[in-house]
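To start, the structure under review is shown below, and the notes come after it.
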Amino acid sequence: MATSGLANQIQEDHLTCNICFQVYRKPKALPCLHTFCEQCLQNYIVSTRASSVGKFACPNCRQAVKIPEDGVTGFTDNHLILSLLDTVEPEGTHKDGPDAENDPPQLSGSATAVDGNNASTREAQGNDGTANTTTEITNADHGRTENQRLQADVGQDGLIHRFGRYGVGITDFTNPIGITVTHMGDLAISDSRNSRILIFSTSGEPKYCFKCDCNIFDITTNNEGKLVVAVNRAQSAIVKVYSLDGRFVGSYGSQYQFETPHGVAVNKLNQTIVTSAMNNCFYIFSDTWKLVNKFGTQLAAPHYCTTDSANRILISDTNTHFVKVFDVAGNFMFRFGGRGYKEGEFNHPMGICVDARDQIIVADQDNHRVQLFSQDGKFRKVLVTDTRQNGGESQELKPRAVALSSEGFLAVLLTGRFSAEVRLYRYDETAGRTKSELCYIL
């Protein structure tokens with residue numbers, strides 16, 4: 001098995017599918033030499049209606065690719081990728097498909113005690129009769145002990161404290177994607193691989209955890225304080241809405257069964273914006289959950305999104321290394337960033353949010369930092385300088401998503417190979433924080 005540092009680099013550079021942004025499952029090589037998961041290719045072909053013409057544009061290079069007579073399975077298996085997977089994946093963790101036997105266990109329907117936390121489990125009934133398993137954590141003594149262990153870096157970049165860890169326990173993460181601040185001031189985190197939502201206080205104490213019956217991606221809150229989650233494999237829905245205690249409220253969409261969304265945001269008009277990195281576009285839904293429009297110009301790999309007080313839409317176009325800004329009607333306005341390591345440049349920008357003055361905070365993933373920009377895209381400063389530092393030891397933790405609270409906390413969700421945590425930093429008041437507004441990550 002490869003060493004930790006080498007394994008991290010191999011996975012990031014060679015083992016991540018550019019459609020689902022997870023480790024390859026049944027990797028298929030196209031004639032242009034780009035590789036994707038077999039199921040991701042199938043979904044892509046169906047969503048672009050390419051089957052009727054017998055060819056499709058490669059999601060990476062846009063080169064025309066002929067569909068084999070026996071469909072996606074006819075593309076060549078990428079044996080190099082399979083070999084690398086066997087090399088870097090610890091024994092028992094490699095998966096050949098989304099339903100592999102080694103997927104983390106689901107929450108049970110009975111009361112559970114995990115790592116010293118007392119957890120009471122109940123069924124939360126949704127408006128459509130759907131029941132979700134919701135677990136309320138009633139004793140967070142273990143969480144406080146864990147926080148004490150994570151105090152080593154307090155002070156660097158205004159770091160207050162850190163919490164969370166990689167694992168399959170009831171308060172752990174395996175592939176966290178989104179983080180948002182609820183109207184109660186707590187932090188809600190979407191853990192994609194476990195298909196569940198976890199809610200913590202800003203001090204890191206776990207409160208609720210509930211399981212979703214579909215794949216989940218980014219998360220935000222709407223103007224009524226409900227959780228809004230980008231989803232797929234949810235029949236035909238692209239977004240689902242939940243109460244804070246896990247009750248299903250409703251869903252958006254009737255024709256998105258083959259779509260793979262990623263980012264989600266809600267503007268002041270209560271419209272919902274959803275990005276699709278697979279189809280290089282974003283959707284706008286009305287406050288009655290009806291599709292308003294779909295926009296695909298100027299985008300190559302849109303991941304996260306957010307909105308500001310003028311209802312502008314800001315999108316991290318990750319593979320082009322730019323943040324792109326659109327007006328509320330979907331018209332392109334400007335972009336900022338560009339690939340590089342200097343101040344104001346990006347290396348795969350990911351999570352994005354704004355403060356009360358519409359200053360823009362961006363998780364600069366592969367530069368291991370978080371940057372601040374003015375509302376017109378001018379660089380202001382680096383808020384978090386190096387996320388690899390972990391108690392004095394270098395670790396490949398990268399900023400994936402960001403959220404800002406009205407209490408002056410900047411929450412940064414970090415992920416790495418078999419590692420994940422949340423760090424809370426004090427957000428400088430001179431950078432534009434006010435106590436009258438919440439700013440959402442998306």
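What you see is a predicted model; the values in this text were computed from it and never measured.
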message: Quick one, Thr272 with Asn222, criterion side chain to side chain contact (heavy atoms under 4.5 Å, CB included). Give me CA distance, side-chain angles, the key distance, then yes/no.
response: CA-CA 8 Å; Thr272 301; Asn222 63 18; 6.0 Å; no
- request: Go through the steps for Gln255 and Ser236 under the test side chain to side chain contact (heavy atoms under 4.5 Å, CB included), then give the verdict.
  value: CA-CA 5 Å; Gln255 54 186 8; Ser236 60; 5.8 Å; no
field: Ser276 and Val274: CA distance, side-chain angles, deciding distance, side chain to side chain contact (heavy atoms under 4.5 Å, CB included) verdict
entry: CA-CA 7 Å; Ser276 168; Val274 184; over 6 Å; no
- request: Would you sort out whether Asp213 and Lys211 count as a salt bridge (charged side-chain N to carboxylate O under 4.0 Å, His left out), showing the intermediate values?
  value: CA-CA 7 Å; Asp213 61 353; Lys211 186 83 176 178; over 6 Å; no
- request: Given side chain to side chain contact (heavy atoms under 4.5 Å, CB included), test Asp308 with Gln375 step by step and report yes or no.
  value: CA-CA 9 Å; Asp308 63 13; Gln375 60 181 294; 5.6 Å; no
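Of the possible donor and acceptor atoms, none in the side chain of Ser192 sits under 3.5 Å from a partner among the backbone N and O of Phe217. Of the possible donor and acceptor atoms, one in the side chain of Thr73 sits under 3.5 Å from a partner among the backbone N and O of Asp70. For the pair Ser316 (side chain) and Met350 (backbone), a donor-acceptor distance under 3.5 Å is present. Remark: side-chain polar atoms of Thr35 are not paired, donor with acceptor, to backbone N or O of Pro27 under 3.5 angstrom. Looking only at distances, a side-chain donor or acceptor of Asn78 sits under 3.5 Å from a matching main-chain atom of Ile81. With His368 contributing its side chain and Lys398 its backbone, the two residues share no donor-acceptor pair below 3.5 Å. A donor-acceptor pair under 3.5 Å is formed between the side chain of Thr318 and the backbone N or O of Pro349. Between the side chain of Ser190 and the main chain of Gly178, a donor-acceptor pair closer than 3.5 Å is present. Side-chain N or O atoms of Asn267 include one that pairs as donor or acceptor with a backbone N or O of Leu269 at under 3.5 Å. Judged by distance alone, the side chain of Lys324 and the main-chain N or O of Gln298 form a donor-acceptor pair under 3.5 Å.
To the nearest 0.5 Å, atom SG of residue Cys212 and atom CG of residue Leu227 are 9.0 Å apart. Between the OH atom of Tyr341 and the CG atom of Asp366 there is a distance of 15.5 Å, given to the nearest 0.5 Å. In this structure, Thr260 OG1 and Asn215 CG are separated by 8.5 Å, a value rounded to the nearest 0.5 Å. To the nearest 0.5 Å, the span separating CZ on Arg369 from CG on Leu383 amounts to 11.0 Å. If you take CZ on Arg312 and CZ on Phe334, they are separated by 4.5 Å, rounding to the nearest 0.5 Å. Considering CG of Asp358 and CG of Asp376, their distance stands at 11.0 Å, rounded to 0.5 Å.
In this structure the side chain of Val181 reaches within 4.5 angstrom of the side chain of Leu187, judged on heavy atoms. By the 4.5 Å heavy-atom criterion applied to side chains, Val264 and Val229 are not counted as neighbours. A heavy-atom distance below 4.5 Å is not found between the side chains of Leu244 and Tyr208. Contact check for Arg339 versus Glu345: no side-chain heavy atoms found under the 4.5 Å cut-off. Contact check for Asn223 versus Val266: side-chain heavy atoms found under the 4.5 Å cut-off. Side-chain atoms of Tyr304 and Val402, non-hydrogen and from C-beta on, never get closer than 4.5 Å to each other. Looking only at side-chain heavy atoms (C-beta outward), Thr415 and Pro176 come within less than 4.5 Å of each other. Looking only at side-chain heavy atoms (C-beta outward), Arg423 and Val384 stay at 4.5 Å or farther from each other.
The heavy-atom pair separating Thr275 from Pro302 by the smallest distance is OG1-O, 3.8 Å. Heavy atoms only, all atoms of each residue included: Cys214 and Tyr242 are closest at SG-OH, 4.4 Å. In terms of heavy atoms, Ala363 sits closest to Pro399 at CB-O, 3.8 Å. Residue Val65 comes nearest to Pro31 through the heavy atom pair CG1-CD, 3.8 Å, listed as atom of the first residue, atom of the second, then distance. The two residues Leu30 and Leu41 make their nearest non-hydrogen contact at CD2-CD1, 3.9 Å. Ile189 and Val422 make their closest contact through CD1-CG2, 3.6 Å (heavy atoms, listed as atom of the first residue, atom of the second, distance).
Note: Phe409 and Phe200 fail the aromatic proximity criterion, with ring centroids not under 6.0 Å apart. Taking the six-membered ring for Trp and the full ring otherwise, the centers of Phe326 and Phe282 sit less than 6.0 Å from each other.
Aromatic ring orientation, Tyr166 versus Phe418: perpendicular (interplanar angle above 60°, classes split at 30° and 60°). Using bins of under 30°, 30° to 60° and over 60° for the plane-to-plane angle, the ring pair Phe75/Phe56 lands in the perpendicular bin. Taking the six-membered ring for Trp and thresholds of 30 and 60 degrees, His262 and His303 have ring planes inclined between 30 and 60 degrees apart.
With respect to Asp191 and Arg193, no salt bridge is recorded, no charged nitrogen being found less than 4.0 Å from a carboxylate O. Salt bridge Lys28/Asp77: present, at least one basic N to carboxylate O contact under 4.0 Å.
Shown are Leu314, Ile284, Asn311, Val292; of these, the side-chain contact (heavy atoms from CB on, under 4.5 Å) with Ile273 is made only by Ile284. Checking each of Phe295, Tyr252, Tyr256 against Tyr283 for a side-chain contact (heavy atoms from CB on, under 4.5 Å) leaves exactly one that passes, namely Tyr256. Each of Val412, Ile177, Thr387 was scored for a side-chain contact (heavy atoms from CB on, under 4.5 Å) with Arg400, with one residue passing: Ile177.
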